[in-house]
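Accompanying notes for the structure given below.
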Amino acid sequence: MRDPRYDVLFEPVKIGPLTAKNRFYQVPHCNGGGYRDPTAAAEMRRVKSEGGWGVIFTEQVEIHHSSEITPFIELRIWDEDDMPGLARMADAIHSNGALAGIELAYSGTNGPNLYTREVPMGPMHSPILTFTSDPVQARAMDKEDIRNLRHWHRLAYRRAKRAGYDIMCLYGAHGFGILQHFLSRRTNQRGDEYGGSLENRARLLKELLSDARDEVGDACAVAVRLSLDEMAGEQGFSNAELRDLIGLHAELPDIWDFAHGTWEACSGTSRFKPEGAQEDLIRGIKQLTSKPVVGVGRFTSPDLMVRQIKQGILDFIGAARPSIADPFLPNKIDEGRVEDIRECIGCNICVTGDMTQSLSRCTQNSSFMEEWRKGWHPERMKPAASARKILVVGAGPTGLSAAHRLGLRGYEVALSETSTELGGRVARECRLPGLSAWGRVRDYRQGQIEKMANVAVYRESKLAADDVFDLGFSDVAIATGSTWRRDGVARYHTLPINIAAGMPLFTPDDVMDGKLPAGHVMIYDDDHYYMGSVLAELLIAKGCRVSFVTPSTKIAEWSVNTLEQGQIQRRLLELGVEVRTSHAVVEVGAGSVILACAYTGRLGEISCDGVLLVTARLPDDSLYTDLMAQKAKWADSGIETVKAIGDAQAPAAIAWATYAGHRYAEEFDTPDIGDALPFKREVAGLKN
Ligand SMILES: Cc1cc2nc3c(=O)[nH]c(=O)nc-3n(C[C@H](O)[C@H](O)[C@H](O)COP(=O)(O)O)c2cc1C
Ligand code: SF4
């Protein structure tokens, strides 16, 4: 039963001519699938409808072929070919009573048009401002272009309405939509009635919103998504200007949707942004308009959500990542099951799906984007197929996920763990600077398992092969994790390097075990994700002098995909870390290290007191290999299957580990599918 404290979150709220059934508003978010995987994307939204969201949006939808953001894969509403996919998504959203929103985007100065090869257009002549620095400029739009733009929007409103959408939202946030390019003096230096004063820069916004109302009448609501602050100093569209704009056009849309200026700032990771981080920028805006206001802030705490409403900050709790990590968040609050919420950890692995043009994945919700492809569900599992007893060895993210999901299926499960604490690498890593929210990976699964009578947990139980033979399980999943290498092998070196015995040498495991280097420490990062930079922060805090060496041109290169790279590099530079990019450690001497330039091979030497190698990892798979070597004994012990999963099979990021555990639980008892694909896919139909 719902706690009455949360009743306010379930009040219906009017949006123009429509009413949302509650205040849970899934703001637009892409998923790496978009137009390439339309049914996978639609089914992902259907699950959110089932989970109780009042409003559910598409990702950004490109309205016209003259502006698109290839290589990123979003949706399109260019012509009739796009309609079936869009209608399928609207139907899915409606399936449990949510309002369907569509975010209409004309990318302008942000769209390089790599696919359509049209000449991009924006308010003024400007290079395309996107992640990929394409050698392309947008040309300045003339009056006829602006008339065309209005016409293309009208076509999009008509199609979106016909496809079944209830809310038409114009995209002008994150630097990604042409509305923002017109609103900002940074990207609009026009001399006509569309440039100059704020009123002029807002003219296009006013015209597009009026046209929308004209097209959709009372059938749909009209929304706009704007940046709270462009974060571009004096020149940019600031929070103060935004408030002036709302003063000018307070009642123009049916709902105002606000998101922080850059995508990096808006979807900040938990390492850099706390929950509710946009509150100061949005507070007071609601008082400037009678229309409802939606805002975001990685909201997973119902009490904080209630405060946003009761203090008059927001009318709707906007959520992208919390809805990905737990599509059933509203229903869980409604049913008085707050402790069952699978809270987003703020890692932005979901963003990497978009950035790498692959299907998105989520560390916490392994079924995200597998709802259609594999038929997975975030809350339900198919029932056990037989009375098997499964032993899961290792209670890290993989083992916990496997045990939890097998338990949901109704199997009898034993989860054994060597240490006293559950969580494996997650328990260790969440103690590192900025990563405390990552402990939620363990907390959620441990909390769920503790409620299951059919899952038994054995701590301080280090198992050898003979123990496993004695225990009488039919299936054994080995989820024993991995260990960081101490021989320099990773990407630059695929063979071990020379390391002198006299140099104190450390790995991330040593540091997490409390064995800390001292003095001048060289971190050699050939891993390129978070670990090297997080350990640099830790060592600086412990009083070390830190040199950071990487063969890459950037610190933590892969974190471009989690939107963190700029913040990580800034933080390390501000902390006084001495950064040496484009260099590899080629030899470790007793008191110094030989470096080679990654481009020229030119050698140099740096003296230091210790070296911390953040390189590759090796699976801890000795139990697995022992069991596989004694296959002849399996039948006598009743063992039918043994499988290594997660890092124990091949180390990767935590999202891969939770996925591996979930996958094991879904598939361990399914028949061998031979050469068939283990997922469904959509292949574009051929045309003449
Ligand atoms: C994977 C992902 C994709 C996103 N794609 C879009 C998008 O297509 N359009 C948009 O306006 N915002 C997009 N955003 C930003 C979100 O709508 C939201 O403003 C931001 O993530 C902050 O909300 P949250 O803390 O609830 O995630 C995306 C965010 C994520 C995490
Ligand atoms: S991938 Fe990480 S940030 Fe994204 S929704 Fe999942 S837990 Fe949250």
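Order of listing sets the numbers, starting from 1, for every ligand and every atom in it. Predicted model only: the values in this text are computed from it and were never measured. One-based numbering along the sequence shown.
A donor-acceptor pair under 3.5 Å is formed between the side chain of Arg440 and the backbone N or O of Cys344. In this structure, Ser184 contributes its side chain and Arg186 its backbone to a donor-acceptor pair below 3.5 Å. Without hydrogens or angle criteria, Ser107 side chain to Asn110 main chain gives no donor-acceptor distance under 3.5 Å.
Protein heavy atom closest to atom 6 (C) of ligand 1, with residue, atom name and distance, is Pro28 O, 3.4 Å. Nearest to atom 22 (C) of ligand 1 among the protein's heavy atoms is Cys266 O, 3.4 Å. Remark: minimum distance from atom 26 (O) of ligand 1 to any protein heavy atom is reached at Ala320 N, 2.8 Å. In terms of protein heavy atoms, atom 10 (C) of ligand 1 is closest to Arg225 NH1, 3.2 Å.
In this structure, Cys30 is part of the shell of residues with a heavy atom less than 4.0 angstrom from ligand 1. Ligand 1 lies within reach of Val351, whose nearest heavy atom is under 4.0 Å from it. The closest approach between Gly297 and ligand 1 falls below 4.0 Å for a heavy atom of the residue.
Residues Tyr171 and Tyr106 place their aromatic rings such that the two centres sit no closer than 6.0 Å. Aromatic pair Tyr530/Trp438: ring centres closer than 6.0 Å.
Among the atoms of Cys350, none of the N or O lies under 3.5 angstrom from an N or O of ligand 1.
Around atom 8 (Fe) of ligand 2, the protein N, O or S atoms closer than 2.8 Å are Cys344 SG, listed by chain and residue number.
Other residues, nucleotides and ligands contribute only 12 or fewer heavy atoms inside 6.0 Å of the CZ atom of Arg681.
Residue contact check: Pro322 has heavy atoms under 4.0 Å from atoms 26 (O) of ligand 1. With ligand atoms numbered from 1 in the order given, ligand 1 contributes 19 (O), 22 (C), 23 (O) to contacts under 4.0 Å with heavy atoms of Val296. Of all atoms in ligand 1, listed by their number and element, those nearer than 4.0 Å to a heavy atom of Arg321 are 21 (O), 24 (P), 25 (O), 26 (O), 27 (O), 31 (C). Numbered from 1 in the order shown, with element, the atoms of ligand 1 that lie under 4.0 Å from a heavy atom of Ala319 read 26 (O). Within ligand 1, counting atoms from 1 as listed, the ones closer than 4.0 Å to a heavy atom of Glu103 are 7 (C), 8 (O), 9 (N), 10 (C), 11 (O). Near Ser267, meaning under 4.0 Å from any of its heavy atoms, are these atoms of ligand 1: 15 (C), 20 (C), 21 (O), 29 (C).
For the atom pair CD (Glu241) and CZ (Arg201), the distance works out to 4.0 Å, reported to the nearest 0.5 Å. Rounding to the nearest 0.5 Å places CD of Glu557 at 11.0 Å from CG of Asp527.
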### Task
Before giving the answer on side chain to side chain donor-acceptor pair (under 3.5 Å), spell out for Ser323 and Gln26 the whole-Å C-alpha distance, their side-chain angles and the decisive distance to 0.1 Å.
CA-CA 7 Å; Ser323 76; Gln26 182 244 275; 4.7 Å; no
### Message
Between Trp152 and Ser66, is the side-chain contact (heavy atoms from CB on, under 4.5 Å) condition met? List the steps.
### Response
CA-CA 10 Å; Trp152 298 331; Ser66 60; 3.4 Å; yes
### Message
Please evaluate residues Arg405 and Glu666 with respect to the criterion side-chain contact (heavy atoms from CB on, under 4.5 Å), reporting the C-alpha separation (whole Å), side-chain torsions for both, the decisive distance (0.1 Å), and the verdict.
### Response
CA-CA 8 Å; Arg405 292 280 153 182; Glu666 294 272 1; 5.5 Å; no
### Task
Decide yes or no on side-chain contact (heavy atoms from CB on, under 4.5 Å) for Glu264 and Met231, but give the supporting numbers first.
CA-CA 11 Å; Glu264 291 85 340; Met231 309 278 289; over 6 Å; no
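When the heavy atoms of Phe176, Phe258, Phe299, Trp263 are ranked by distance to atom 29 (C) of ligand 1, first place goes to Trp263. Of the listed options Lys273, His260, Gln60, Met355, Gln60 places a heavy atom closest to atom 8 (O) of ligand 1.
Under 4.0 Å is where a charged nitrogen must lie from a carboxylate oxygen, and between Glu564 and Lys273 no such pair does. The existence of a salt bridge linking Arg76 and Glu62 is confirmed by a sub-4.0 Å separation between a basic side-chain nitrogen and an acidic carboxylate oxygen.
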